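Small disclaimer: the values here were computed from a predicted structure and weren't measured. Keep in mind that the numbers below use all heavy atoms, side chains included, and drop hydrogens, waters and symmetry copies.
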Amino acid sequence: GKIVRALTRTSGIDTAAVFSPNGQEIAFTTDRSGNPQIFLMSRDGSNARRLSYGFFWADEAQWSGDGSAIAFAAKRIREEPFEIFLADPLGLHFVQMTNDTPNEHPTFSPDSKMIAYSSKRNGRWQIFLQGISRSTAEISVLSFDQADCVEPAWSANE
């Protein structure tokens, strides 16, 4: 309950922080460059750098278990829905994993081969599962009649 030391010092928001698997870096959402974007920084708060470019809004960063990728939800313009993207930690390569419907809350499977996320493509929020490889078919995993399913999480047990 006691703040030992603030890692960021900006007048805007700094939120949704997640550690890399090796504990050396933190991905987080900040609006220090205008609209919310994904930034990375060293675990001591140094070396802050922007990861997401070309997006109106980027949020909900999640590291893959092997540290090779970061999944996040983003939209390129205000009017479009959020979609799921993958980026390498250097921000050199981006892959759009979903299209044309609100898709949010990405999370990697423990083996880093799949992503679960929330989608509203069928009129209500459902959980979908998709392989990191673009050739892997998408699977509807969880839905209930009369209920929304959001923010998936994986069990740590394999």
Report yes if some heavy atom in the side chain of Leu51 is under 4.5 Å from a heavy atom in the side chain of Leu90; otherwise report no. no
Between Phe85 and Phe55, is the ring-ring contact (aromatic ring centres under 6.0 Å, His included) condition met? List the steps. CA-CA 11 Å; Phe85 291 84; Phe55 299 101; 4.8 Å; yes
Closest heavy-atom contact between Pro106 and Tyr117? CA-CB, 4.1 Å
Shortest non-hydrogen contact between Ile38 and Glu60, atoms and distance: CD1-N, 4.3 Å
Lys75 side chain to Arg78 main-chain N or O, any donor-acceptor pair under 3.5 Å? yes
Contact check, side chains of Leu40 and Phe28, non-hydrogen atoms, under 4.5 Å: no
Any Ile26 side-chain heavy atom under 4.5 Å of Leu7 side chain: yes
Met97 side chain reached by Val95 side chain, heavy atoms, under 4.5 Å: yes
Is there a side-chain contact between Ile115 and Leu129 (heavy atoms, below 4.5 Å)? no
Looking only at heavy atoms, the pair that brings Ala116 and Ile127 closest together is CB-CG2, 4.4 Å
Is it true that Arg32 and Asp14 have a side-chain N and a carboxylate O under 4.0 angstrom from each other? yes
Set of side chain to side chain contact (heavy atoms under 4.5 Å, CB included) partners for Ser20, sequence neighbours left out: Asn22, Glu25, Trp63
Please determine whether the number of non-hydrogen atoms from other residues, nucleotides or ligands lying under 6.0 Å from atom CH2 of Trp154 exceeds 12. yes
Side chain to side chain, Arg121 and Phe128, heavy atoms closer than 4.5 Å: yes
Ignoring hydrogens and angles, state whether a donor on the side chain of Ser52 or Gln37 is under 3.5 Å from an acceptor on the partner side chain. yes
Going by distance alone, is a donor N or O of one side chain under 3.5 Å from an acceptor N or O of the other, for Glu83 and Thr98? yes
Under 3.5 Å: donor-acceptor pair, side chain of Gln126, backbone of Ser119: no
Using a 6.0 Å cut-off, check whether atom CZ of Arg43 has over 12 heavy atoms from anything other than its own residue. no
